[in-house]
2 protein chains.
Amino acid sequence: MPRIDIPRKSIYRLSIYQRCLGKLRENDVDTVSSEALAKAAGVKPTQLRKDLAYFGQFGTRGLGYNVDVLSNTISEVLGHNRLQPVILVGVGNLGSALLRYGGFRKEGFEVVAAFDVNPKRQPDLAIPILAITEMTDFIQQNQVKMAILAVPASAAQIVTNQMVEAGIQAVLNFSPSVLDVPEHVVVNSVDLAVELENLSYFIR
Amino acid sequence: MPRIDIPRKSIYRLSIYQRCLGKLRENDVDTVSSEALAKAAGVKPTQLRKDLAYFGQFGTRGLGYNVDVLSNTISEVLGHNRLQPVILVGVGNLGSALLRYGGFRKEGFEVVAAFDVNPKRQPDLAIPILAITEMTDFIQQNQVKMAILAVPASAAQIVTNQMVEAGIQAVLNFSPSVLDVPEHVVVNSVDLAVELENLSYFIR
DNA sequence: AATTGTGAATTGATTCACAGCT
DNA sequence: AGCTGTGAATCAATTCACAATT
């Protein structure tokens with residue numbers, strides 16, 4: 001599978017298309033043109049078609065795309081047809097908000113456990129909050145591959161090393177720090193302060 | 001100022017460099033080479049130099065960069081020397097976590113008010129939570145230019161229109177939707193589900 | 001001797017333009 | 001006739017290679 005040399009941004013856009021297709025589905029639309037879908041996703045039609053072309057041919061010339069078929073195909077490409085288990089590390093403000101945030105499940109992810117240095121009880125949450133010392137075992141026993149990291153910058157690299165050691169292959173990093181990971185591990189960082197700073201540059 | 005045609009990613013990286021410089025400062029380092037700083041920021045030295053070159057020449061050949069000088073310069077470029085007021089709209093799980101998250105202030109942003117359809121009291125917060133009907137006036141009276149949007153997808157576009165109408169020029173969007181805004185408004189979107197989906201693609 | 005600053009080369013992503021289906 | 005799929009062309013970002021400077 002030529003996962004390499006497909007632009008990462010294309011993969012991002014696939015998720016956006018997927019969400020737009022979901023809405024069309026709800027409205028019982030069954031066919032959509034690249035023009036209409038692109039508009040909903042905020043991109044150009046040619047870009048949408050190019051993005052899809054990396055994975056095959058899913059449309060019908062003269063007609064457009066079948067909403068269900070395309071949606072299923074994208075699900076398959078993104079590899080989230082079955083529920084993917086995720087752990088969350090760092091149950092501070094942001095961490096606990098993310099736990100409560102239901103949006104993941106709908107998209108095929110399940111936060112199966114959370115870890116913190118001091119695992120104070122959060123009784124309104126269905127998910128167990130465990131001591132960080134139990135993390136390695138948990139990852140290994142449950143074959144977890146994905147982690148959400150919401151610890152302070154000072155702990156980020158240490159915790160990451162531990163997770164990677166235990167078998168984590170993908171990290172969604174909310175800590176304001178640059179993580180150093182081996183080749184085979186993917187990191188996506190969401191840095192709130194950086195996003196704000198970036199915006200402030202663009203307001204003249 | 002040729003703010004146009006400077007890659008947006010360069011601006012992002014400037015923020016990262018800035019943070020690394022902060023750490024060096026704390027450790028009383030006063031000179032740093034492009035190589036060392038680039039390493040800390042997770043980029044190549046040439047890229048760092050190119051990024052800086054968009055704005056001028058700040059280094060000394062044979063020596064490197066003065067940490068204070070460079071840091072101040074970047075602050076100036078990013079335009080956050082003075083505290084920038086920000087409003088937050090949508091005080092749900094994510095929204096209230098963001099309010100509690102102190103990280104913004106340190107980086108030059110102050111959340112001056114929060115808005116929600118039903119402004120239930122959150123007594124532990126220093127910031128007033130106001131009805132969304134008061135938003136327009138507040139924006140205009142306080143000349144607020146930046147907003148953090150944390151409402152559900154269904155409300156996102158409507159609220160955005162209202163904010164933009166009132167004078168907001170930059171939006172940090174946490175809602176899972178593609179926002180349609182006029183030319184002069186900047187949007188940065190952080191879509192948690194999309195980030196996870198993206199990661200899940202890369203774990204074979 | 002060391003390290004920046006930068007034009008040229010390269011690599012990558014987007015858009016165009018149109019051939020190919022239905 | 002309409003809309004997809006795609007090679008070619010353009011546009012953008014990164015990296016190289018080295019001249020310039022301290």
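Chain identifiers are assigned alphabetically (A, B, ...) following the order of the sequence lines, protein sequences preceding nucleic acid strands; residue numbering begins at 1 within each chain. What you see is a predicted model, and the numbers here were worked out from it, not measured in a lab. Note: hydrogens, waters and symmetry copies are ignored here, and every other heavy atom, side chains too, is used.
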Any A/Leu179 side-chain heavy atom under 4.5 Å of A/Gln157 side chain: yes
Nearest-neighbour nucleotide for the A/Lys9 side chain, D/dT6, C/dT14, C/dT6 considered: C/dT14
Non-hydrogen side-chain atoms of B/Val186 and A/Tyr201 separated by less than 4.5 Å: no
DNA chain C-proximal residues of residues 23-45 of chain B, any heavy atom under 4.0 Å: B/Ser33, B/Ser34
Full working for side chain to side chain contact (heavy atoms under 4.5 Å, CB included) between B/Phe174 and A/Leu192: CA-CA 10 Å; B/Phe174 286 91; A/Leu192 304 177; 3.4 Å; yes
Length of the line joining A/Lys50:NZ and C/dG12:P, which is rounded to integer Å: 15 Å
N/O (side chain, B/Gln57) to phosphate O (OP1/OP2, C/dT6) under 4.0 Å: yes
Backbone of B/Ser71 reached by a side-chain donor or acceptor of B/Gln18 within 3.5 Å: yes
Pairs where residues 48-58 of chain B contributes a residue and the test salt bridge (Lys or Arg N to Asp or Glu O under 4.0 Å) is met, not counting sequence neighbours: B/Arg13-B/Asp51
B/Gly59 or A/Asp51, whichever maps to the more 5' nucleotide of DNA chain C: B/Gly59
Under-4.0 Å side-chain N/O to phosphate OP1/OP2 contact, A/Tyr65 with D/dG2: no
Contact letters for nucleotides 17-22 of chain C, in which S counts primed atoms plus P, OP1 and OP2 and B counts the base, heavy atoms under 4.0 Å: B-BBBS
